[in-house]
Amino acid sequence: QVQLVESGGGLVQAGGSLRLSCATSGRTSDSYTMGWFRQAPGKEREFVAGIRWSFGITYYADYVKGRFTIPIDNAKNTVTLQMNSLKPEDTAVYYCAAAVRVATMTAEYEYDYWGQGTQVTVSS
């Protein structure tokens, strides 16, 4: 089993920054793909960003590209999402997820393990 625990959410003004962390424990592996998703009220959960540790590859949704990053030099048991230039539309519950195997990295169904989520609220 793999356990994921997110932290770092909170309230921030538009234009500000937040740094989310996902602590992993259990049977994790460098071959896993780690993803960040978010779900705003009344909306479906959507992909935000992901990283394939074994290839050092990161991938970002268009709506966060250039603002959000996953530092590749993280310790392998922690996945960080650095969020800059936040907008009110970034308000959502953010989830960390881990996948044993992925084809697209962006599809929710590809992920096997999920954290409980952390709330991010961006005020205008």
Side-chain angles (χ1 to χ4, degrees):
Q1 281 289 345
V2 174
Q3 293 79 42
L4 307 174
V5 179
E6 303 95 335
S7 61
L11 174 64
V12 64
Q13 287 188 332
S17 299
L18 280 175
R19 189 177 182 92
L20 304 184
S21 293
C22 174
T24 68
S25 61
R27 298 180 61 183
T28 56
S29 167
D30 287 355
S31 65
Y32 280 23
T33 294
M34 302 300 297
W36 285 97
F37 289 75
R38 69 186 184 186
Q39 186 168 22
K43 296 186 177 181
E44 294 187 351
R45 191 152 53 183
E46 62 182 6
F47 173 80
V48 174
I51 183 168
R52 292 191 182 188
W53 288 118
S54 55
F55 297 101
I57 294 173
T58 55
Y59 185 76
Y60 302 94
D62 286 344
Y63 35 82
V64 304
K65 197 172 294 182
R67 300 187 297 123
F68 292 10
T69 58
I70 299 177
I72 296 180
D73 59 353
N74 274 174
K76 294 298 175 64
N77 61 347
T78 301
V79 181
T80 300
L81 181 67
Q82 178 65 45
M83 307 187 295
N84 298 327
S85 303
L86 283 161
K87 305 175 181 179
E89 51 263 45
D90 294 320
T91 295
V93 177
Y94 283 71
Y95 298 89
C96 174
V100 176
R101 293 186 183 86
V102 296
T104 70
M105 192 187 287
T106 63
E108 187 177 343
Y109 67 82
E110 293 183 311
Y111 289 80
D112 305 287
Y113 306 99
W114 291 84
Q116 81 290 350
T118 185
Q119 177 70 46
V120 171
T121 303
V122 185
S123 63
S124 57

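Fair warning: this is a prediction, and the values are worked out from it, not measured in the lab. Position 1 is the first residue of the sequence; numbering continues from there.
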Please name all residues satisfying side chain to side chain contact (heavy atoms under 4.5 Å, CB included) with Thr58, sequence neighbours left out, ordered by chain then number. Ile51, Tyr60, Ile70, Ile72

Hydrophobic cluster identity match, Trp36 and Trp114, side-chain contacts under 4.5 Å: no

Using the side chain to side chain contact (heavy atoms under 4.5 Å, CB included) criterion, which residues pair with Ser17? Sequence neighbours excluded. Gln82, Asn84

With salt bridge (Lys or Arg N to Asp or Glu O under 4.0 Å) as the rule and sequence neighbours excluded, what pairs involving residues 107-121 come up? Arg45-Glu108

Verify the neighbour count for atom CD of Glu44: are there more than 12 heavy atoms of other residues, nucleotides or ligands below 6.0 Å? no

Closest heavy-atom pair and its distance - Met105, Thr33: CG-CG2, 3.8 Å

Distance from Glu6 atom CD to Leu81 atom CG, nearest 0.5 Å? 11.0 Å

Residues forming a side-chain hydrogen bond (donor to acceptor under 3.5 Å, both in side chains) with Thr69, sequence neighbours excluded: none

With rounding to the nearest 0.5 angstrom, report the CD to OG distance, Gln13 to Ser124. 9.5 Å

Distance-only check: which donor-acceptor pairs under 3.5 Å involve side-chain atoms of residues 92-101, not counting sequence neighbours?
unit_1, atom_1, unit_2, atom_2, d
Tyr94, OH, Arg38, NH1, 3.0
Tyr94, OH, Asp90, O, 2.6

Members other than Tyr109 in its cluster, when Ile, Leu, Val, Met, Phe, Trp, Tyr link by side-chain heavy atoms under 4.5 Å? none

For Val5, what are the other residues in its hydrophobic cluster, where any two members join if their side-chain heavy atoms are less than 4.5 angstrom apart? none

Distance col, row Thr24:OG1 vs Tyr113:OH, nearest 0.5 angstrom, shows 12.0 Å

So, using salt bridge (charged side-chain N to carboxylate O under 4.0 Å, His left out) as the criterion, who are the partners of Lys65 when residues are at least two apart? Asp62

Residue set satisfying side-chain hydrogen bond (donor to acceptor under 3.5 Å, both in side chains) with Ser123, at least two apart, ordered chain then number -> none

Checking Phe68 now: which residues fulfil ring-ring contact (aromatic ring centres under 6.0 Å, His included) with it, not counting sequence neighbours? none

Nearest heavy-atom approach of Leu18 to Leu86 is N-CD1, 3.8 Å

If Ile, Leu, Val, Met, Phe, Trp and Tyr residues are connected whenever their side-chain heavy atoms lie under 4.5 Å apart, and connections chain through other members, are Val12 and Tyr63 in the same group? yes

With sequence neighbours excluded, tell me which residues meet side-chain hydrogen bond (donor to acceptor under 3.5 Å, both in side chains) with Ser85. none

Going by side-chain hydrogen bond (donor to acceptor under 3.5 Å, both in side chains), name the residues that satisfy it together with Gln39, two or more places apart in sequence or in a different chain. none

Testing the basics here: between Met34 and Cys22, what is the closest heavy-atom pair and its distance to 0.1 Å? CE-SG, 4.5 Å

Quick one: pull up OH in Tyr59 and CZ in Phe47 and give me the separation to the nearest 0.5 Å. 7.0 Å

Kindly work out whether a path of hydrophobic side-chain contacts (I/L/V/M/F/W/Y, heavy atoms less than 4.5 Å apart) joins Tyr111 to Leu20. no

Would you mind reporting whether Arg67 and Met83 have side-chain heavy atoms less than 4.5 Å apart? no

